Each structure stands twice: as structure tokens, then as C-alpha cells.
Amino acid sequence: MHTDFSAISDTKVVNTTLPDWEVQTWAFDADPDAGVIARQNEADNVWIENGKLHMRQKGHKKGDNGPISVAEVHSRRTDFHHGSFRAKYKVSVDKKADGGAVAGLFFYYDDEDETDIEILTKDGDKAIRYTQHPAYDNVTDSAVPDATFQLQLKKSWSKMQEHRFDWTPSVTTFFQDNSAKQEITKNVPKHGGKVMLNLWANNGTWSGPPSTKDVIMEMEYIMVYFNTTSSQSGNDEAFNSACTGAGGPKNKTVCWINDKSGVDSEHSKVSLSSAASISQNLLFVAGTGLAALLLVWA
């Protein structure tokens with residue numbers, strides 16, 4: 001599933017322009033006991049301009065207890081089950097702003113089956129967080145060991161770069177610009193779900209106070225190479241037929257996906273960990289333009 005925003009004309013009506021995606025308009029309630037301010041997803045905070053998807057957390061005045069105006073977009077599909085999830089984007093924060101925001105790229109089934117790439121602007125401009133939930137134990141009031149990691153990027157998240165995670169049955173591997181940064185084997189998702197993008201703050205302990213000036217997330221593309229819940233269970237006849245036509249599953253742990261320009265290159269290589277307990281069989285199926293990757297787990 002490829003969404004190349006550079007090929008889309010400027011628009012503020014994103015839902016009718018992007019058939020694979022849906023802009024969200026629901027709200028989160030306030031929690032005064034936790035100091036959490038309500039937040040409202042608004043369609044006006046999502047638009048396409050100059051070949052990029054824009055998402056915004058509107059600047060929120062200090063002391064204002066009204067809802068924080070934020071942005072969220074979901075895939076219409078809810079059956080992603082293993083794959084490679086890639087998006088090229090940057091986050092812009094006004095240096096004169098107080099407070100910050102969270103910019104996220106997610107896989108989500110429920111709060112027990114979730115993989116996150118998150119930029120917390122309060123962490124500094126090269127920090128990123130990789131998490132698989134549950135990452136917090138309410139019983140012990142402590143973080144779950146090896147479920148979340150904070151790393152330093154090679155370059156600031158204010159510069160355009162590709163963020164990515166490859167989800168397999170035993171491990172999720174996180175990348176920055178095709179360079180593997182972290183593997184997480186704790187709480188690897190087990191169910192099929194959807195892809196989410198968001199930009200938000202709620203004055204809670206994770207986001208911190210909301211930025212007093214607009215925070216903008218700009219995205220050039222999002223590309224997902226994936227199995228589905230049907231293909232994973234063997235019930236997807238089209239998937240099975242394509243797999244058979246390509247020669248059937250091969251015992252390989254490295255395959256190729258054409259990069260955005262449609263050219264095979266070292267930078268487009270997908271490397272997946274080869275856990276001894278799991279045979280990760282990958283197929284490369286050539287086609288016109290961008291190639292298709294079938295991920296077949298034996």
C-alpha cells in the first residue's frame with residue numbers, strides 16, 4: 001500500500017482524496033486528577049500542500065483548559081498482520097514555543113497489541129522512542145523491561161528522513177533511513193490491526209504541556225508491505241496463488257523492495273532477524289514500478 005503525497009494536488013479535504021486513509025475527529029476527555037487536558041482531533045489539522053501531508057497540533061495558550069486541537073489519521077484497512085511499515089517525515093517546532101507534542105507512527109490492534117515510533121519534542125531534537133505495549137505495569141507502578149527504548153538519531157527529526165519498523169512473529173526491528181536501530185522481542189503483536197499517524201499533546205506525563213505555538217508534521221510518503229489476517233491464516237486465495245506462481249516459499253531471510261524511485265538498490269534492502277525457532281520465508285515478486293513483497297511465515 002503506497003501513498004505518495006508528492007503526486008497529490010493541494011487539498012484540505014483529505015478524506016475524499018486518500019482512499020486508503022481516514023482523518024479522525026473524535027476526542028479524549030480531560031482527567032483533572034492526572035492533570036490531563038482534553039484533546040480534540042480536528043479535520044482542519046490535516047491537509048496536503050506542496051506534495052506533503054501536513055498534520056498539526058495547534059498552539060495552545062498557557063492556562064487554557066479547553067481542548068487541545070490535534071490531528072490523527074488511520075488506515076481504513078484493519079487487517080495488517082506482519083510487514084514492513086515505512087514513512088518519510090519531519091517534525092517542525094517553533095523555537096519560541098513553550099511545551100511540545102508527540103508525533104507518532106503506529107501499528108494498533110488494542111492497548112495490548114501495539115507498536116509505536118514516537119517523537120516527543122520535549123526529549124530533544126535527535127531523540128526517538130520505540131515501544132511495544134503494554135510498556136507499563138500498573139501493579140508494580142513501573143515500566144515493563146525491554147518494552148520501550150529511547151535512542152538518539154543520527155540527525156534531527158526536524159530533517160526529512162524515513163522511519164520504519166519491520167514486524168515479524170518473533171521480533172520487531174526499527175530503522176532510521178534504512179539503518180537498523182533497535183530490535184524489540186518483548187510484546188510483539190499477535191493480531192492483525194491498523195496503521196495510525198498522529199500529532200498530539202494532553203499535558204500528561206508522556207507529552208508534557210502542549211506547545212504554545214503550532215507543531216507541524218510533514219510527510220512525503222507512507223509505504224506498507226504486508227501480510228493480512230487472511231493471508232496469515234492461509235485463507236487469502238489471491239495471496240496463495242501469487243505465492244505459488246512465484247515459486248512457493250523460499251528459505252531466505254533477506255529480500256528486496258524497490259525504493260520510491262522504482263530502482264533496486266542497497267538502500268531498499270529489507271533485513272529481517274532469523275530467529276532459530278522461526279523460519280521466516282520471504283518472497284520477492286517483481287512487477288512494474290514498485291515491486292510487491294509477500295511475507296510468508298512457515
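Quantities reported herein were computed from a predicted structural model and do not represent experimental measurements.
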Residue from H191, H81, H82 passing side-chain hydrogen bond (donor to acceptor under 3.5 Å, both in side chains) with Q232: H82

Verify same cluster id: M55, W200 (apolar side-chain graph, 4.5 Å): no

Check: D166 and F175 side chains under 4.5 Å, non-hydrogen atoms: yes

T140/S142 under side chain to side chain donor-acceptor pair (under 3.5 Å): CA gap, chis, key distance, verdict: CA-CA 5 Å; T140 62; S142 61; 2.6 Å; yes

Hydrophobic cluster identity match, V93 and V70, side-chain contacts under 4.5 Å: no

Student check: side-chain heavy atoms of R76 and N15 closer than 4.5 Å: yes

N41 CG to S69 OG distance, which is reported to the nearest 0.5 Å: 8.5 Å

Ring centres under 6.0 angstrom apart (Y130, F149): no

Q150/D123 under side-chain contact (heavy atoms from CB on, under 4.5 Å): CA gap, chis, key distance, verdict: CA-CA 9 Å; Q150 181 178 337; D123 288 340; 3.8 Å; yes

Test item: K58 and N45 side chains (from C-beta on) under 4.5 Å apart, heavy atoms: yes

Rounded distance [0.5 Å steps], OG in S84 versus CZ in F165: 9.0 Å

Worked verdict on D116 versus H133 for side chain to side chain donor-acceptor pair (under 3.5 Å): CA-CA 8 Å; D116 306 343; H133 292 275; 2.7 Å; yes

Side chain to side chain, N203 and P210, heavy atoms closer than 4.5 Å: yes

Heavy-atom pair of closest approach, residues T131 and T148: OG1-OG1, 2.7 Å

Within 6.0 Å of CZ in F28, more than 12 heavy atoms from elsewhere: yes

N187 versus Q132, side-chain donor and acceptor atoms under 3.5 Å: no

side-chain contact (heavy atoms from CB on, under 4.5 Å) assessment of E183 paired with T172: CA-CA 6 Å; E183 289 189 345; T172 304; over 6 Å; no

Crowding at CD, Q152 (>12 non-hydrogen neighbours, <6.0 Å): yes

Test side-chain contact (heavy atoms from CB on, under 4.5 Å) applied to V188 and W167, step by step: CA-CA 8 Å; V188 177; W167 166 33; 3.6 Å; yes

Which atom of A201 lies closest to which atom of R39, heavy atoms considered: O-CD, 3.6 Å

ring-ring contact (aromatic ring centres under 6.0 Å, His included) between Y225 and H2, worked out: CA-CA 9 Å; Y225 303 87; H2 304 117; 5.3 Å; yes

Check: L153 and Q161 side chains under 4.5 Å, non-hydrogen atoms: yes

Atom pair CZ (R164) and CE (M223), whose distance is rounded to the nearest 0.5 Å: 9.5 Å

Backbone of D44 reached by a side-chain donor or acceptor of R56 within 3.5 Å: yes

R129 side chain near L120 side chain, heavy-atom distance below 4.5 Å: yes

Closest approach of P189 to F107 (non-hydrogen atoms, all atoms of both residues): CB-CE2, 3.7 Å

Salt-bridge contact D64-K62 (side-chain N to carboxylate O under 4.0 Å): no

T168 (side chain) donor-acceptor with V171 (main chain) under 3.5 angstrom: yes

Test item: W157 and Y89 side chains (from C-beta on) under 4.5 Å apart, heavy atoms: no

Any donor-acceptor pair under 3.5 Å from T212 side chain to K61 backbone: no

Heavy-atom neighbours of K122 NZ exceed 12 at 6.0 Å: yes

Closest non-hydrogen atom pair, R86 against N178: NH1-OD1, 4.4 Å

Shared hydrophobic cluster, V23 / W47 (ILVMFWY, side-chain heavy atoms < 4.5 Å): no

From CA spacing to verdict: side-chain contact (heavy atoms from CB on, under 4.5 Å), Q40, I68: CA-CA 6 Å; Q40 174 70 56; I68 303 164; over 6 Å; no

Heavy-atom donor-acceptor pair, S179 side chain to Q176 backbone, under 3.5 Å: no

Closest approach of A71 to V46 (non-hydrogen atoms, all atoms of both residues): CB-CG2, 3.8 Å

Side chains of M1 and W21 in contact at under 4.5 Å (non-hydrogen atoms): yes

Sidechain-backbone polar pair: S207 side chain, N202 backbone, donor-acceptor under 3.5 Å: yes

Nearest-0.5 Å distance that lies between atom OG1 in T229 and atom CG in N235: 9.0 Å

S211 side chain to D214 backbone, donor-acceptor under 3.5 Å: no

Heavy-atom closest pair, residues P67 and H60: O-CE1, 3.6 Å

Side chain to side chain donor-acceptor pair (under 3.5 Å) evaluation trace for T25 with E42: CA-CA 5 Å; T25 56; E42 295 187 317; over 6 Å; no

Within one Ile-Leu-Val-Met-Phe-Trp-Tyr cluster: V91 and L105, side-chain cutoff 4.5 Å: yes

Atom pair NE2/CZ of H74 and F106 - distance to nearest 0.5 Å: 9.0 Å

Gap separating the CZ atom of F5 from the CE atom of M219, nearest 0.5 angstrom: 6.5 Å

Pair D94 + K96: basic N to acidic O under 4.0 Å: no

Pair D20 + R77: basic N to acidic O under 4.0 Å: no

Salt-bridge criterion met for D177 and K155 (N-O under 4.0 Å): yes

V224 with L53, same ILVMFWY side-chain cluster at under 4.5 Å: yes

